[in-house]
Amino acid sequence: MSAQIINGRALAAQVYAELDARVGALRACGVTPRVALILVGGNELSKRYVSIKENAATSHGMECIVYHLSDATTQERLIELIGALNRDRLVHGVLVQMPLPEHMDTAEVLDAIEPTKDIDGLHFCNTGKLLNSVPAVVACTPRAIMRILDDVGVRLERAHTVIVGRSMLVGKPIAICLLNRNATVSVCHSHTPNLGDITRTADVLVVAAGSPRLIKADMVKDDAVVIDVGQSTVDGKLCGDVDFPEVSKKASYITKVTGGVGPMTVAMLMTNLVDCAELAMHTTAKEI
């Protein structure tokens with residue numbers, strides 16, 4: 001048996017086709033979704049990610065403004081900029097590219113973003129709403145994973161899902177997303193003993209530990225759906241948290257490191273932007 005590889009690029013293309021129609025409807029009403037991307041410092045990988053997001057927006061009829069600040073920028077100055085963007089009604093989404101310089105408090109910066117413009121879904125108001133099953137902006141990677149699982153056709157209410165990783169970017173929010181869909185969820189992390197004993201029980205295995213090739217074939221249940229979120233560089237090559245060549249022989253569906261969750265994460269970021277633009281338009285209409 002060999003797993004069916006989940007094509008994140010093809011699924012992202014479907015998402016963009018849906019967004020194109022929604023963006024067209026917004027523009028017909030005089031509203032163009034606009035995102036402000038803030039990059040602090042000269043990290044080359046961060047520059048690349050910002051470029052990918054900028055291209056995704058502009059390629060689908062949206063507008064993007066990039067603010068590139070120096071490493072020496074103070075946190076106070078950054079928060080002032082965020083405040084100005086919060087007040088700008090023509091800006092529907094604000095994103096601060098991670099990581100920030102060491103002299104900045106990441107949580108404080110992210111929480112300075114207006115929750116209705118927080119297209120990354122990381123503001124404490126949005127994470128709190130998610131925890132309480134209240135509609136909110138959902139972090140992009142968890143939202144991407146949920147769309148992938150729906151596309152594969154997983155019956156979540158009957159599935160035991162094991163998550164390896166507990167970050168605020170992926171592990172914790174995807175656990176809540178799955179619980180909100182009536183899945184049975186186990187969360188593992190670096191202090192979990194006998195990890196394989198737990199991962200072998202998973203109908204759906206989501207791995208976001210940042211540990212290269214952590215998950216071996218003997219740690220995976222036959223016919224499991226395996227979602228690999230990890231990205232690490234080993235000997236100059238990109239690899240995931242899952243030993244893909246071996247695990248793909250046991251799983252029913254599996255994502256690769258490239259062309260898997262990544263393209264869908266960017267597509268979900270753009271979806272969040274369009275959601276925020278539609279909400280802003282409806283809110284403005286009610287005020288008039």
Do [X] and [Y] share a hydrophobic cluster (ILVMFWY, side-chain heavy atoms under 4.5 Å, transitive)?
{"X": "Tyr253", "Y": "Phe244", "value": "no"}
{"X": "Leu85", "Y": "Leu100", "value": "yes"}
{"X": "Ile198", "Y": "Leu179", "value": "no"}
{"X": "Ile113", "Y": "Val40", "value": "yes"}
{"X": "Val50", "Y": "Met104", "value": "yes"}

Can a donor-acceptor pair be found, under 3.5 Å and without considering hydrogens, that links the side chain of [X] to the backbone of [Y]?
{"X": "Arg48", "Y": "Glu44", "value": "no"}
{"X": "Ser51", "Y": "Lys47", "value": "no"}
{"X": "His103", "Y": "Thr73", "value": "yes"}
{"X": "Lys53", "Y": "Leu269", "value": "no"}
{"X": "Asn43", "Y": "Ser46", "value": "yes"}
{"X": "Lys117", "Y": "Asn86", "value": "yes"}
{"X": "Gln75", "Y": "Asp105", "value": "yes"}
{"X": "His189", "Y": "Gly165", "value": "no"}
{"X": "Arg27", "Y": "Gly61", "value": "yes"}
{"X": "Asn182", "Y": "Leu156", "value": "no"}

How about [X] and [Y]: do any of their side-chain heavy atoms sit closer than 4.5 Å?
{"X": "Thr141", "Y": "Leu169", "value": "no"}
{"X": "Leu122", "Y": "Met168", "value": "no"}
{"X": "Leu39", "Y": "Leu37", "value": "no"}
{"X": "Ile145", "Y": "Val170", "value": "yes"}
{"X": "Val154", "Y": "Thr161", "value": "no"}
{"X": "Val226", "Y": "Ile215", "value": "no"}
{"X": "Ile174", "Y": "Cys177", "value": "yes"}
{"X": "Leu178", "Y": "Met146", "value": "yes"}

Quick one: do Cys276 and Thr116 satisfy side chain to side chain contact (heavy atoms under 4.5 Å, CB included)? Show the steps, please.
-> CA-CA 6 Å; Cys276 290; Thr116 58; 5.7 Å; no
How long is the span from the [atom1] atom in [X] to the [atom2] atom in [Y], to the nearest 0.5 Å?
{"X": "Asp151", "Y": "Gln14", "atom1": "CG", "atom2": "CD", "result": "6.0 Å"}
{"X": "Arg143", "Y": "Asn272", "atom1": "CZ", "atom2": "CG", "result": "5.0 Å"}
{"X": "Gln4", "Y": "Ile254", "atom1": "CD", "atom2": "CD1", "result": "12.0 Å"}
{"X": "Cys64", "Y": "Met270", "atom1": "SG", "atom2": "CE", "result": "7.5 Å"}
{"X": "Thr201", "Y": "His160", "atom1": "OG1", "atom2": "NE2", "result": "4.0 Å"}
{"X": "Ile119", "Y": "Asn126", "atom1": "CD1", "atom2": "CG", "result": "11.5 Å"}

Any side-chain donor paired with an acceptor under 3.5 Å for [X] and [Y]?
{"X": "Asn180", "Y": "Ser133", "value": "yes"}
{"X": "Asp20", "Y": "His60", "value": "yes"}
{"X": "Thr74", "Y": "Glu76", "value": "no"}

Among Val164, Asp228, Ile227, which residue meets the side chain to side chain contact (heavy atoms under 4.5 Å, CB included) test with Leu205?
->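 That would be Val164.
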Sole candidate of Val242, Asp243, Leu195, Thr199 that passes side chain to side chain contact (heavy atoms under 4.5 Å, CB included) when paired with Leu214 | Leu195
Check against side chain to side chain contact (heavy atoms under 4.5 Å, CB included), Arg166 and His191 | CA-CA 11 Å; Arg166 54 179 174 176; His191 295 279; 3.5 Å; yes
Restricting to non-hydrogen atoms, name the atom on [X] and the atom on [Y] that form the minimum distance, rounded to 0.1 Å.
{"X": "Val35", "Y": "Ala57", "answer": "CG1-CB, 4.3 Å"}
{"X": "Val137", "Y": "Pro115", "answer": "CG2-O, 4.1 Å"}
{"X": "His92", "Y": "Ala280", "answer": "CD2-CB, 3.9 Å"}
{"X": "Val220", "Y": "Arg200", "answer": "N-CG, 3.9 Å"}
{"X": "Asp111", "Y": "His123", "answer": "O-NE2, 3.0 Å"}
{"X": "Val229", "Y": "Ala208", "answer": "CB-CB, 3.8 Å"}

So, are Arg22 and Asp275 salt-bridged, with charged N and O less than 4.0 Å apart?
-> yes
What's the verdict on side chain to side chain contact (heavy atoms under 4.5 Å, CB included) for Val234 and Arg213, showing C-alpha distance, side-chain angles and the deciding distance?
-> CA-CA 10 Å; Val234 178; Arg213 303 187 186 101; 4.1 Å; yes
Side chain to side chain contact (heavy atoms under 4.5 Å, CB included) between Glu18 and Thr271, intermediate numbers included | CA-CA 9 Å; Glu18 297 163 7; Thr271 301; over 6 Å; no
